[in-house]
Amino acid sequence: MITAFELNTLVFQLLNGHVEINGGVYTEDDRPNNSNLEDIVINTIDTTTDALPQIATSNVNIYVPDSTKNINGENQKKANRTRLRKLTHDVIDLLKTSQFVGIKLIVRNQTTISEPDINQHYTNIRIDWNIQTNQI
């Protein structure tokens, strides 16, 4: 049986050191409190466990600090869409070209979400897994 821990580790190994961010790659709730860096957070939200194939769903969240823009004479915090776009493309490319024996990773969808309390936006990339093996 493959657990959420192993799936998070697979994605961590795939992304850590392979995406040019000024922060880190983390799993679950390991992202430092009050981080104002570009960080990637990986978590698996569900995994079947009874039989093969196993089906699972994971998230890859790419955090980017907002940039200050002057709009109508007022400085405002807004999404740094240029950086979000680049990092989203980089991560999706790595995910889509990954290959695991007996495991299929499918990028299902992507959206951008605001975190106004911390002046950041993040891209959420949803992954579906089809697992045909009992071990990695």
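No single ILVMFWY cluster, assembled from side-chain heavy atoms under 4.5 Å apart, contains both Val41 and Ile92. Tracing side-chain contacts under 4.5 Å through hydrophobic residues (I, L, V, M, F, W, Y), one never reaches Ile113 starting from Ile40; they form parts of separate clusters. Criterion: ILVMFWY side-chain heavy atoms under 4.5 Å apart, direct or through other members. Under it, Leu87 and Phe12 are part of a common hydrophobic cluster. Leu10 and Ile55 fall into different hydrophobic clusters, where Ile, Leu, Val, Met, Phe, Trp and Tyr residues are linked whenever their side-chain heavy atoms come under 4.5 Å apart, directly or through other members. No path of Ile, Leu, Val, Met, Phe, Trp and Tyr side chains, each step under 4.5 Å between heavy atoms, connects Tyr26 with Leu14, placing them in separate hydrophobic clusters.
In this structure, the separation between CD on Gln110 and CD1 on Ile127 is 12.5 Å, given to the nearest 0.5 Å. For the atom pair CZ (Arg108) and CD1 (Ile125), the distance works out to 13.0 Å, reported to the nearest 0.5 Å. Going from atom CD1 of Ile103 over to atom CD1 of Ile2 covers 5.0 Å, rounded to the nearest 0.5 Å. Rounding to the nearest 0.5 angstrom, the gap separating the OG1 atom in Thr112 from the CD1 atom in Ile62 is 9.0 Å. Note that the CG atom of Asn36 and the CD atom of Gln120 stand 7.0 Å from one another [nearest 0.5 Å]. Between Thr88 atom OG1 and Arg81 atom CZ the span is 11.5 Å, to the nearest 0.5 Å.
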Side chain to side chain donor-acceptor pair (under 3.5 Å) between Thr9 and Glu6, worked out: CA-CA 5 Å; Thr9 299; Glu6 285 86 27; over 6 Å; no
Worked verdict on Thr111 versus Asn124 for side chain to side chain donor-acceptor pair (under 3.5 Å): CA-CA 5 Å; Thr111 191; Asn124 170 262; over 6 Å; no
Intermediate values then yes/no, side chain to side chain donor-acceptor pair (under 3.5 Å), Thr68 and Lys77: CA-CA 5 Å; Thr68 303; Lys77 293 287 190 176; 3.3 Å; yes
Verdict with reasoning, His121 to Asn80, per side chain to side chain contact (heavy atoms under 4.5 Å, CB included): CA-CA 8 Å; His121 281 71; Asn80 184 341; over 6 Å; no
Intermediate values then yes/no, side chain to side chain contact (heavy atoms under 4.5 Å, CB included), Leu7 and Ile131: CA-CA 10 Å; Leu7 296 175; Ile131 305 162; 4.0 Å; yes
Criterion side chain to side chain contact (heavy atoms under 4.5 Å, CB included) on Val19 and Val25, from CA distance to verdict: CA-CA 9 Å; Val19 180; Val25 178; 5.9 Å; no
Side chain to side chain contact (heavy atoms under 4.5 Å, CB included) between Phe100 and Ile136, worked out: CA-CA 8 Å; Phe100 306 105; Ile136 298 177; over 6 Å; no
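Between Leu37 and the choices Ile21, Asn22, Val64, the side chain to side chain contact (heavy atoms under 4.5 Å, CB included) rule is met once, by Asn22. None of Thr27, Asp30, Thr44 except one satisfies the side-chain hydrogen bond (donor to acceptor under 3.5 Å, both in side chains) rule with Asn8; the exception is Thr44. A side chain to side chain contact (heavy atoms under 4.5 Å, CB included) with Val60 is found for exactly one of Val91, Leu94, Val107, namely Val91.
In this structure, Leu105 and Leu95 approach most closely via the heavy-atom pair CD2-O, 3.5 Å. Contact between Pro53 and Thr48 at its shortest, heavy atoms only, is O-OG1, 4.3 Å. Across Glu38 and Glu20, no two heavy atoms sit closer than the pair OE1-O, 4.1 Å. The two residues Gln54 and Thr49 have their closest heavy-atom pair at NE2-CA, 4.2 Å. Minimum interatomic distance between Ala79 and Ser67 (heavy atoms only, all atoms of both residues): O-OG, 4.1 Å. Between Ser35 and Arg31, the closest heavy-atom pair is O-NH2, 3.6 Å.
Surrounding CZ of Phe5 are at most 12 heavy atoms belonging to other residues, nucleotides or ligands under 6.0 Å away. Shown here is Lys69, whose NZ atom has more than 12 heavy atoms of other residues, nucleotides or ligands within 6.0 Å.
With Glu28 contributing its side chain and Asn43 its backbone, the two residues share no donor-acceptor pair below 3.5 Å. When atom types are taken as modelled, the side chain of Asp46 and the backbone of Thr57 share a donor-acceptor pair closer than 3.5 angstrom.
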